[in-house]
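Reminder, nothing fancy here: chain letters follow the sequence lines and each chain counts from 1.
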Number of protein chains: 2
Amino acid sequence: MVVDQLSEAEADRLFQAFADATRRDIVRRVTVGEYSVSGLAALYAMSFAAVQKHVAVLERASLVTKEKRGREQIVRGNHEGLQKARRLLDEYEAIWRQRVERIADILAEA
Amino acid sequence: MVVDQLSEAEADRLFQAFADATRRDIVRRVTVGEYSVSGLAALYAMSFAAVQKHVAVLERASLVTKEKRGREQIVRGNHEGLQKARRLLDEYEAIWRQRVERIADILAEA
DNA sequence: ATATCGTACAACCAAATGGTTGTAGATCAG
DNA sequence: CTGATCTACAACCATTTGGTTGTACGATAT
């Protein structure tokens, strides 16, 4: 029963997207409030185009969505990507738990 | 009460390390069993040096440890890095929960 | 109507990434 | 001792990444 087998490419995109401090900050901001792309750009010491690229990376990773409103593009947090990332890490955690159990079993046999 | 404020650089290293399928596979393998660097290298269609670099990336991110045993270097999973990554994602999840609560409050006022 | 604003996108650049081969030092086996 | 094995690391290369500036275009305000 594979609920949602994340493709390797999807996992790549997710973690890659998280691997940048500016992008992590954007995710936090747009989860709490609403920001246009230029609204976000005003927050960082880099060009509008650079921020635009960061948003695009986050969008491809399903960590934010964009919605056109007038001439602005509103960026919002997308729970989907975060959930996928967490589920991924949970799998690694599960492997650790299994390992611990296995060792406990071996010790119990002694 | 900041328990373990992850530096941005640390977070970068962690997620960057996870952002590669080969490295994620290495993490899984060495969590379950013991592998030397060359033992790992035998598993992938790339050079020993390439695998060695992947292991180095994982080590810098605290996702694996290396221990010298004779002429071999044994690679083992390191729970520390994984825990840090999970804690990080948990913070983002917490922001989401706060957002949901805030919206619920607003609705309750109406 | 015109100027301004917000966005998209192309072209470019430097640095980082993910791979290679080659060399050299330890350690182990015969 | 000699040869094979495991590791480390340097040098190199192609591609990607993270930034820049410049151009174009739809939406808004005056």
Side-chain angles (χ1 to χ4, degrees), chain A residues 7-30 33-76 78 81, chain B residues 7-30 33-76 78 81:
Chain A
S7 75
E8 293 296 307
E10 207 172 352
D12 284 2
R13 266 179 271 127
L14 265 172
F15 290 124
Q16 180 64 34
F18 269 119
D20 180 280
T22 301
R23 285 196 292 263
R24 287 193 299 274
D25 192 61
I26 290 175
V27 169
R28 278 181 231 111
R29 303 253 191 189
V30 300
E34 273 191 5
Y35 287 86
S36 65
V37 179
S38 55
L40 285 170
L43 301 170
Y44 308 102
M46 66 183 73
S47 69
F48 170 80
V51 174
Q52 206 178 13
K53 282 191 186 181
H54 282 307
V55 171
V57 170
L58 291 170
E59 195 180 17
R60 267 185 287 125
S62 308
L63 284 167
V64 307
T65 59
K66 282 195 301 188
E67 188 191 344
K68 197 162 183 174
R69 198 166 65 189
R71 66 184 155 187
E72 295 188 327
Q73 198 82 259
I74 304 300
V75 183
R76 292 203 185 79
N78 184 4
Chain B
S7 75
E8 293 296 307
E10 207 171 353
D12 285 2
R13 266 179 270 127
L14 266 172
F15 290 123
Q16 180 62 34
F18 267 118
D20 179 279
T22 302
R23 286 196 291 264
R24 287 192 299 273
D25 192 62
I26 291 176
V27 168
R28 281 181 228 112
R29 303 254 192 188
V30 302
E34 271 190 8
Y35 287 85
S36 65
V37 178
S38 55
L40 285 170
L43 300 171
Y44 308 101
M46 65 183 74
S47 69
F48 170 81
V51 174
Q52 205 178 12
K53 282 190 186 180
H54 281 307
V55 171
V57 169
L58 291 169
E59 195 180 17
R60 267 184 286 125
S62 309
L63 284 167
V64 308
T65 59
K66 283 195 300 187
E67 188 190 344
K68 198 163 184 174
R69 196 167 65 191
R71 66 183 153 185
E72 293 187 329
Q73 198 83 259
I74 303 300
V75 183
R76 292 203 185 79
N78 184 4

*So, the side chain of B/Gln73 versus the backbone of B/Lys68: is there a donor-acceptor pair under 3.5 Å, distance only?*
yes
*Across the strands shown, which category fits A/Ser36 at heavy-atom distances under 4.0 angstrom: base, sugar-phosphate, nothing?*
sugar-phosphate
*Rounded off to whole Å, could you give me the CZ-to-C1' distance for the B/Arg23 and C/dT17 pair?*
8 Å
*Please report the C-alpha distance between A/Leu43 and A/Tyr35 in whole Å, then the side-chain angles of each, then the deciding distance to 0.1 Å, and finally whether the side-chain contact (heavy atoms from CB on, under 4.5 Å) criterion is met.*
CA-CA 10 Å; A/Leu43 301 170; A/Tyr35 287 86; 3.9 Å; yes
*Between A/Lys66 and C/dA8, does any side-chain N or O lie under 4.0 Å from OP1 or OP2?*
yes
_Short side-chain to backbone donor-acceptor contact, A/Ser7 and A/Glu10, under 3.5 Å_ = yes
_Donor-acceptor pair, side chain of A/Arg13 and main chain of A/Glu8, under 3.5 angstrom_ = no
*Grab the CD-C1' distance between A/Gln16 and D/dG18 for me, whole Å please.*
11 Å
*Taking all non-hydrogen atoms of both residues into account, name the closest pair between A/Leu63 and A/Ala17 and its distance.*
CD1-CB, 3.8 Å
*To the side chain of B/His54, which of C/dG18, D/dT20, C/dT7 is closest?*
C/dG18
*What's the shortest heavy-atom distance between A/Leu58 and A/Arg23, and which atoms?*
CD1-O, 3.8 Å
*Could you tell me the separation between the CZ atom of B/Phe15 and the C1' atom of D/dG18, rounded to a whole number of Å?*
19 Å
*Among residues 38-47 of chain B, which contact DNA chain C at a heavy-atom distance under 4.0 Å?*
B/Met46, B/Ser47
*Would you mind reading off the distance between A/Phe18 atom CZ and D/dG18 atom P, rounded to a whole angstrom?*
15 Å
*Pairs where residues 34-59 of chain B contributes a residue and the test salt bridge (Lys or Arg N to Asp or Glu O under 4.0 Å) is met, not counting sequence neighbours*: B/Glu34-B/Arg69, B/Glu34-B/Arg76, B/Glu59-B/Lys66
*Apply side-chain contact (heavy atoms from CB on, under 4.5 Å) to the pair A/Glu72 and A/Val37, showing each step before the final yes or no.*
CA-CA 7 Å; A/Glu72 295 188 327; A/Val37 179; over 6 Å; no
*Within the side chain of A/Ser36, is there an N or O that forms a donor-acceptor pair under 3.5 Å with the backbone of A/Gly39?*
yes
*From NE2 (B/His54) to CD1 (B/Ile26), nearest 0.5 Å*: 6.5 Å
*Inter-axis angle, terminal five-pair segments of the helix from C/dA1-D/dT30 to C/dG30-D/dC1 [nearest 10°]*: 20°
Taking N or O atoms only and anything under 3.5 Å, show me the protein contacts with nucleotides 26-28 of chain D, one pair per line.
residue, atom, partner, partner atom, Å
D/dA27, O3', A/Arg71, N, 3.4
D/dT28, O4', A/Arg71, NH1, 3.4

*To the nearest 0.5 Å, what is the distance between CD (A/Glu67) and OG1 (A/Thr65)?*
7.0 Å
*Salt bridge between B/Asp25 and B/Arg29, side-chain N to carboxylate O under 4.0 Å?*
yes
*In whole Å, what is the span from the CG atom of B/Asp12 to the P atom of C/dT17?*
10 Å
Dump every N/O contact between nucleotides 1-3 of chain C and the protein below 3.5 Å, one line per pair.
none

_CA sep, side-chain torsions, deciding dist, call: B/Val51, B/Leu40, side-chain contact (heavy atoms from CB on, under 4.5 Å)_ = CA-CA 7 Å; B/Val51 174; B/Leu40 285 170; 4.0 Å; yes
*Report the distance from atom CG of A/Leu58 to atom P of D/dT17, rounded to the nearest whole Å.*
14 Å
_Distance below 4.0 Å between B/Gln73 side-chain N/O and D/dC6 OP1 or OP2_ = no
Find every protein N or O atom lying less than 3.5 Å from an N or O atom of nucleotides 9-14 of chain D, and list the pairs.
none

*Which whole-number value in Å describes the distance from B/Arg24 CZ to C/dG18 C1'?*
15 Å
*Residue pair B/Asp12, A/Phe18: steps toward the side-chain contact (heavy atoms from CB on, under 4.5 Å) verdict*: CA-CA 8 Å; B/Asp12 285 2; A/Phe18 269 119; over 6 Å; no
*asked:* Under a 3.5 Å distance rule, please check whether B/Asn78 uses its side chain to pair with a backbone N or O of B/Ser62 as donor and acceptor.
replied: yes
*Mind calculating the distance between CG (A/Asp20) and P (C/dA15) to the nearest angstrom?*
18 Å
